[in-house]
Protein chains: 4
Amino acid sequence: MAATLDLIHEEGLQSVTFSKIFKRANVGSGTIYNYFANKEEIVHAVYKESRMHMGECLVKGFTPEASLYERFKRLQLNRLQFGIDFPKEYLFIDSFSFSPYISPEIRNMDDAHNSREVVLSVIIEGQKNGIFKEMESHLCHQLIHGIITSILKGYYVQKYPLNEIQIQQILEASWKAILV
Amino acid sequence: MAATLDLIHEEGLQSVTFSKIFKRANVGSGTIYNYFANKEEIVHAVYKESRMHMGECLVKGFTPEASLYERFKRLQLNRLQFGIDFPKEYLFIDSFSFSPYISPEIRNMDDAHNSREVVLSVIIEGQKNGIFKEMESHLCHQLIHGIITSILKGYYVQKYPLNEIQIQQILEASWKAILV
Amino acid sequence: MAATLDLIHEEGLQSVTFSKIFKRANVGSGTIYNYFANKEEIVHAVYKESRMHMGECLVKGFTPEASLYERFKRLQLNRLQFGIDFPKEYLFIDSFSFSPYISPEIRNMDDAHNSREVVLSVIIEGQKNGIFKEMESHLCHQLIHGIITSILKGYYVQKYPLNEIQIQQILEASWKAILV
Amino acid sequence: MAATLDLIHEEGLQSVTFSKIFKRANVGSGTIYNYFANKEEIVHAVYKESRMHMGECLVKGFTPEASLYERFKRLQLNRLQFGIDFPKEYLFIDSFSFSPYISPEIRNMDDAHNSREVVLSVIIEGQKNGIFKEMESHLCHQLIHGIITSILKGYYVQKYPLNEIQIQQILEASWKAILV
DNA sequence: TATGAATGAGCTTTCATTCAT
DNA sequence: AATGAATGAAAGCTCATTCAT
């Protein structure tokens, strides 16, 4: 699975072949079929694993007792940090989340930590308290999520560095974007 | 090229084959080779054309004389509108802009209208006038661009509608995100 | 036809395509079909023309009145000279005379000058007069013909030059080969 | 490789396709690509193998102690016999030795038995001893080689039989052709 | 008569998948 | 359980041939 992810990152799913995976993973060609029925399955497995991994990371250090501002920033920072630490996972999830290659059921899977629900509940709480602007919560979610994704993509192609100062600017911007 | 774009949208580049293109476009298999040397070339051509088209749309109705706020909103609205009107083009450009399948030269091509420069100059003007926060201009560009992209992706999978009211909220949010 | 012969010589029939012929001959692709029904026909036409041309050259300056020795040498020299002057024709004839690509009827065609008969009659006369060894006349023909062909092939790949001195040696050798 | 040689003999390289090879050899189409990267490679491999085989046969029974006449005849007979026993190999080697399809390196390869050198050394020895005419040794080689080739080609198209008597005549003729 | 864009049969080649070892 | 040679369906691509202009 690691070999698969690496290859997708390097060459795009488009040109990842099984024989490349075999070679990279140093296994015989038949071996993989003891674990995955076909190529689609291994890609799906990589997708699921990446989603699980990201789910874990997104809620790391999240404490319901912290202030709304702190919780919001924690979630945004965690996402940004995940993207910085695991670019291959992040990009893979991003490109396949909206691709016809991934079936809707898998796309909409919930991770073990329910990170999506956690984010949504923070949004809804903020809106109830009159801190965040009233808007469709999914739209709001998508908005703050999109800011992180976009920033990361620019970072990946080295448009700019991401140091402490930039990170703080981004967290601020995403917070201000949805204030009333 | 239209057939190619349709198929990419429907099934993903991954599973677009030449024979599907031939059938969809109602041309003989050899015909395409009079115009494109191979499959990569036709995909590149579609990418270029889409980029040109988007470039045009992004600056539609943009008047340098308008206020900063109006110009900013015009650019954001144009991008959003392009994404709403031409989802296939928009998604295709988005996924290929960061894919190894597209060579860096083509990825970084400038469109005829220099829309990228127009956006950047608005950002820099806003920063000079103390309206926008001081941050790396490309990072700022990526940020407001990313908001639109992300919102569109949620819209495409029907997470929410995009009516006048949502559109105004998004434009507002992206404006506020980068204010000082 | 000249373009076809050139290309066969340069790249081998194997890789001569019609589009190469069109380009080399500076004619439109359809034009050729006004003159030749298909690719095989043009190759056959080239073969026939080359055979006609060679047939003419082989009997040039041949006078029935001359001595047997002089007539024999004339025929051998003519063949050698033709091979030196028209390497493309000579090689083409040689390779296709025994190829399944050329139908037996065309292979066995008689040229306008009946050069084959002329050679055979010289051989038979020599055998009758007790000058040439008694052997199947076609075998004898093939033998002296083969000496020339083989020498030419070595010359074409520049194994050695063919000056007056070598030429005389070869004519001598072929004469002596069949003496009683 | 045997299937390939058969097909080349039957229809000419010109019309040998991979699908014909697969069928004839009773292997799946993909199998061949585990051993040969492309069509050219398999033809080259057949050429090399045939050359090796012929090289072996040419020096069979050759003893340096025998008289010059006997050694000469042995070499000529071996070549003739090889051509009679393995017409497909012989014709294939002959046509490709001067074809642009075969790269010069492969064309000029030395077989394991250095048969070419053996023949040349016999020629040079004969010339030193004043038995053979003084002429460029490669030209002389080509000459006696060419007699055999040419005779074989006539035999292949059944112009004449090749029995003991004809064979002796040919060996005699080639010996006499190069005597002083 | 000359043209060359369009064609599609058929070629080469790839690659996911099988299965005997 | 691991292997990798063999497979063949299906892909990319070529090129002789047609036909409207």
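Each chain gets a letter, A, B and so on, in the order its sequence line appears, and its residues count up from 1.
For the pair C/I42 CD1 and F/dC15 P, the computed distance is 16 Å after rounding to whole Å. Rounded to a whole Å, the NZ atom of D/K23 is 15 Å from the C1' atom of F/dT7. For the pair A/F36 CZ and E/dT18 C1', the interatomic distance rounds to 18 Å; values are reported in whole Å.
In this structure, the side chain of A/S50 engages the main chain of A/V46 through a donor-acceptor pair within 3.5 Å. A distance-only check finds a donor-acceptor pair linking the side chain of D/Y156 to the backbone of D/G83 [under 3.5 Å]. Panel note: side chain C/R24, backbone C/D6; no donor-acceptor pair is recorded below 3.5 Å.
For B/E11, the side-chain contact (heavy atoms from CB on, under 4.5 Å) partners are B/L7, B/S15, B/K20, not counting sequence neighbours. Scored by the side-chain contact (heavy atoms from CB on, under 4.5 Å) test, A/Y33 finds A/F18 as partners (sequence neighbours excluded). Residues passing the side chain to side chain donor-acceptor pair (under 3.5 Å) test with B/K23: none are found, sequence neighbours excluded. With sequence neighbours left out, C/N34 forms a side chain to side chain donor-acceptor pair (under 3.5 Å) with no residue at all.
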Under 4.0 Å protein heavy-atom contact, by nucleotide of nucleotides 6-13 of chain E - B base, S sugar-phosphate only = BBBB-SSB

query = So what does the secondary structure string of DNA chain F come out as, 5' to 3', with Watson-Crick or wobble pairs under 3.5 angstrom, [ ] for crossing and | for pairs with another strand?
reply = .||||||||||||||||||||

